[in-house]
Amino acid sequence: EKGAYPFYMLKEIDEQPAVMRRLLSEYVENEETVKIDDHILNAMKAADRLYIVAAGTSYHAGLVGKELFESLANVPTEVHVASEFGYHMPLLSEKPFFIFLSQSGETADSRQVLVKVNEMMYPSLTITNSANSTLSREATYTLLLHAGPEIAVASTKAYTAQIAVEALLAKALGTVTGQVKAIDYDVYHELTAVANAMQAMVDEKESINDLAKEFLSETRNAFYIGRGIDYDVSIEAALKLKEVSYVQTEGFASGELKHGTIALIEKGTPVVAIITDAPTASHTRGNVQEVLARGANTITISMESLANEGDQIVLPDVSDLLTPLVSIVPAQLLAYYTSLNRGYDVDKPRNLAKSVTVE
Ligand code: F6R
């Protein structure tokens with residue numbers, strides 16, 4: 001029930017810190033050991049490459065998952081859009097392991113890939129919010145998101161739950177394969193810090209609504225820019241804004257802007273920069289200057305240790321691999337308030353259904 005909330009989307013954004021804590025209690029023992037079925041870990045251990053297959057927001061969660069699996073578990077990982085993968089399958093490695101990310105567990109594009117993967121007899125894992133879904137029944141293994149029902153069409157808490165489960169799984173896998181980085185990674189405390197940082201962001205609702213009013217209430221287009229993990233978040237942030245507010249929004253690798261797309265920047269174009277990736281922060285700052293020089297209205301979302309004076313949204317510091325869990329929250333709120341302020345039905349954007357069961 002949405003109770004006092006005008007829309008489910010806002011309720012589900014608000015629930016995210018609690019979902020992080022629930023995942024810790026479901027998956028972590030004694031604040032330390034990640035409990036994942038040995039069968040899953042053994043099958044993943046035997047693989048030489050992970051293939052994450054998903055659609056939409058779940059695909060975007062997969063992009064962050066690649067960073068987690070490669071960094072903590074040291075296993076090469078590819079991420080693919082389901083509707084492309086099934087019909088244009090890349091050359092596979094010798095021992096592939098497939099991960100299907102799907103909130104609903106019913107997405108037809110993802111299922112058609114799983115059917116082929118099963119025909120080829122490769123092992124697979126579905127990570128889903130829906131225990132009895134088609135994708136969880138048909139995959140070799142399943143893990144649950146424990147996010148509770150997600151009603152709003154625009155996915156919010158399922159995205160962050162997917163990233164958190166990927167982090168837990170990467171920690172568990174890297175630990176059993178003896179990766180020092182995974183063994184040393186204190187995922188319990190890092191995700192607890194994330195839950196607190198998320199709470200700090202949801203508590204900023206009013207000032208984020210003010211930014212939405214000032215920068216996004218009239219515009220026809222907008223950009224999110226970032227590098228590395230912040231680029232992954234930029235694409236998801238752009239999808240959120242476009243699907244609920246109908247503002248044409250692109251998520252862009254900030255270094256690529258000058259190779260063509262900067263032609264679209266004119267006086268008043270909103271550009272939201274996400275800056276949590278320390279090695280590239282100064283480069284993205286440079287790109288912000290470039291768009292400012294062409295008249296853009298910039299909003300900067302930065303992490304505290306990388307923040308500059310004038311940044312409108314500052315996130316508490318969290319582990320560098322987990323910043324998407326926090327930086328996406330103000331972007332979700334910007335999307336929510338832009339839709340609300342324009343008078344749309346936030347939970348049911350036009351042309352969209354909650355689960356896409358046709359290819
Ligand atoms: C966007 C959104 C969609 C879904 C996509 C996959 O907010 O909700 O892009 O993420 O249709 O759905 P699932 O995760 O159910 O497979």
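Start at 1 and go down the list; that is how both ligands and their atoms are numbered.
Residue Met120 places its CE atom among more than 12 non-hydrogen atoms of other residues, nucleotides or ligands, all under 6.0 Å distant.
With a 4.0 Å cut-off on non-hydrogen atoms, Glu243 touches ligand 1 through its side chain and not its backbone. Here Lys240 has side-chain heavy atoms under 4.0 Å from ligand 1, and that is the only part of it that gets that close.
Heavy-atom distances between Leu352 and ligand 1 stay at or above 4.0 Å for every pair.
At the top of the distance list for atom 15 (O) of ligand 1, counting protein heavy atoms only, stands Ser104 OG, 2.6 Å. For atom 6 (C) of ligand 1, the closest non-hydrogen atom of the protein is Ala55 O, 3.4 Å. Here the protein heavy atom with the shortest distance to atom 8 (O) of ligand 1 is Val153 O, 3.3 Å. Of all protein heavy atoms, the one closest to atom 4 (C) of ligand 1 is Thr57 N, 4.0 Å.
For ligand 1, the atoms lying closer than 4.0 Å to a non-hydrogen atom of Ala154 are 7 (O). Contact atoms of ligand 1 toward Ser155: 7 (O), 8 (O) (distance under 4.0 Å to a heavy atom of the residue). Proximity to Ser102 (heavy-atom distance under 4.0 Å) selects the following atoms of ligand 1: 13 (P), 14 (O), 15 (O), 16 (O).
For ligand 1, none of its N or O atoms has an N or O atom of Gln162 under 3.5 Å away. No N or O atom of Val356 sits closer than 3.5 Å to an N or O atom of ligand 1. At under 3.5 Å, a nitrogen or oxygen of Ser58, whether backbone or side chain, sits near a nitrogen or oxygen of ligand 1.
Tyr185 and Ser319 share a donor-acceptor pair across their side chains, judged by distance under 3.5 Å alone.
Proximity annotation for atom 12 (O) of ligand 1: of Thr128, Thr107, Asp109, Thr107 comes nearest, heavy atoms only.
Following chains of ILVMFWY side-chain contacts shorter than 4.5 Å, one cannot reach Phe97 starting from Phe100, and the two form parts of different hydrophobic clusters.
Electrostatic pairing of Glu150 and Lys157 does not count as a salt bridge here, judged by no charged N lying under 4.0 Å from a carboxylate O. Between Arg285 and Asp311 there is a salt bridge, since a side-chain N of the basic residue sits under 4.0 Å from a carboxylate O of the acidic one. Salt bridge Glu26/Arg22: absent, no basic N to carboxylate O contact under 4.0 Å.
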Self-check item: Derivation and outcome, side-chain hydrogen bond (donor to acceptor under 3.5 Å, both in side chains), residues Glu206 and Asn209
Solution: CA-CA 5 Å; Glu206 275 171 31; Asn209 187 12; over 6 Å; no

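If you run side chain to side chain donor-acceptor pair (under 3.5 Å) between Thr160 and each of Glu15, Gln16, Gln332, Glu12, only Gln16 comes through.
In terms of modelled atom types and a separation under 3.5 Å, the side chain of Lys213 and the main chain of Asn341 share no donor-acceptor contact.
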